[in-house]
Amino acid sequence: MAQKNLQLGKLTLSNQSKPKIIAPIVATSFADAIKDAQVIDQSDAEIVEWRLDFLTAFTDFEQLADAGKQIKEVINGRPLIVTNRTNVEGGNREYQEREYQESYIALINANVADAIDVEFSREDDVYNELLQICTDANIVLILSHHDFDETPDKNELIFLFAQMAKKKPSIVKVALTPHSREDVMTLMDATLAADNQIDQPIISMSMGLLGQISRIAGATFGSVATFASVGDASAPGQMSVGTLKEIFGSVG
Ligand SMILES: O=C1C[C@@](O)(C(=O)O)C[C@@H](O)[C@@H]1O
């Protein structure tokens with residue numbers, strides 16, 4: 001197995017070590033987002049994700065950057081991933097090109113984002129502009145795909161990973177919905193195959209209760225990080241950071 005290491009802020013993600021635990025902030029206001037960051041700071045989460053799409057409204061990018069700076073201070077050196085998930089991929093925000101681009105750019109320019117999450121379904125010009133900005137600023141770009149309906153078959157999934165890798169992001173992330181135990185195995189099996197085929201580290205998970213094992217055992221099959229909640233979850237099937245940390249502490 002080829003070793004893959006990737007620097008995310010002060011942390012190194014690797015397909016050969018325990019998965020890093022990422023806790024999402026899902027607050028609807030800036031003030032609550034900062035409070036949630038304080039609670040996450042008291043937890044064992046190693047990375048924080050700020051889900052901008054949970055904010056009820058933000059049109060002022062300066063305010064957004066100010067809140068981001070405060071979150072960054074509170075989380076005490078942990079890397080911050082900024083995610084604006086659109087409703088096309090199961091998020092809470094209707095896609096608007098300007099808002100999508102500007103929110104990321106504001107948080108990169110303010111030195112708040114260590115990584116941004118860009119959806120595979122975004123148009124090429126939007127993706128390419130953000131990739132260029134991330135490359136120039138030395139920021140990690142996570143290319144993500146979410147399916148809240150189903151899990152495609154293994155070959156389709158391996159093809160999807162390969163297509164995503166071709167766009168040259170830093171990380172490829174895939175989250176799928178299982179309807180059977182076989183679907184959960186398919187996600188882990190395809191992750192393992194793709195980890196051997198593509199250059200980028202992978203983050204993958206099978207969502208919901210049925211898929212929970214993928215959030216625990218995913219690292220064995222090539223997933224370098226796993227999402228867990230402190231308070232409200234950002235997706236079905238997330239366990240608490242405390243539970244996951246306990247499990248990782250007691251298994252190899
Ligand atoms: O892409 C992901 C993965 C996720 O959907 C999950 O299933 O844990 C949670 C999201 O917050 C994150 O952006």
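Read the numbers this way: they start at 1 and go in the same order the structure lists the ligands and their atoms.
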Side chain or backbone, does Asp117 bring an N or O within less than 3.5 Å of an N or O on ligand 1? no
Please identify which atoms of ligand 1 are closer than 4.0 Å to at least one heavy atom of Gln238. 6 (C), 8 (O), 9 (C)
Quick check on Asn196: does its CG atom have over 12 non-hydrogen neighbours (other residues, nucleotides or ligands) under 6.0 Å away? yes
So if I count the atoms of ligand 1 from 1 in the order they appear, which ones are less than 4.0 Å from some heavy atom of Ser234? 9 (C), 10 (C), 11 (O)
Do the ring planes of Tyr100 and Tyr104 sit parallel (below 30°), tilted (30 to 60°) or perpendicular (above 60°)? perpendicular
If you have a sec, work out which protein heavy atom is nearest atom 5 (O) of ligand 1 and how many Å separate them, to one decimal? Ala235 CB, 3.4 Å
Taking only heavy atoms of Met205 into account, list the atoms of ligand 1 that are under 4.0 Å away from them. 3 (C), 7 (O)
Would you indicate whether Glu246, at its atom CD, is surrounded by more than 12 heavy atoms from other residues, nucleotides or ligands within a distance under 6.0 Å? no
Can we say Asp41 and Arg78 salt-bridge, meaning some charged N sits less than 4.0 Å from an Asp/Glu carboxylate O? yes
Flag side-chain contact, heavy atom, 4.5 Å: Arg215 against Met207: yes
If you draw a 6.0 Å radius around CD in Glu62, do more than 12 non-hydrogen atoms from other residues or ligands fall strictly inside? no
Give the minimum heavy-atom separation between Ile108 and Ala113, together with the two atoms involved. CG1-CB, 4.2 Å
What protein heavy atom is closest to atom 2 (C) of ligand 1, reported as residue, atom name and distance in Å? Lys173 NZ, 3.2 Å
Protein residue, atom and distance nearest to atom 13 (O) of ligand 1, heavy-atom basis: Glu49 OE2, 2.6 Å
Per-atom filter on ligand 1: closer than 4.0 angstrom to a heavy atom of Met207 are 7 (O)
Specify the protein heavy atom at minimum distance from atom 10 (C) of ligand 1: its residue, its atom name, and the distance to 0.1 Å. Arg51 NH1, 3.4 Å
Regarding ligand 1, does Arg215 bring an N or O atom to under 3.5 Å of one of the ligand's N or O atoms? yes
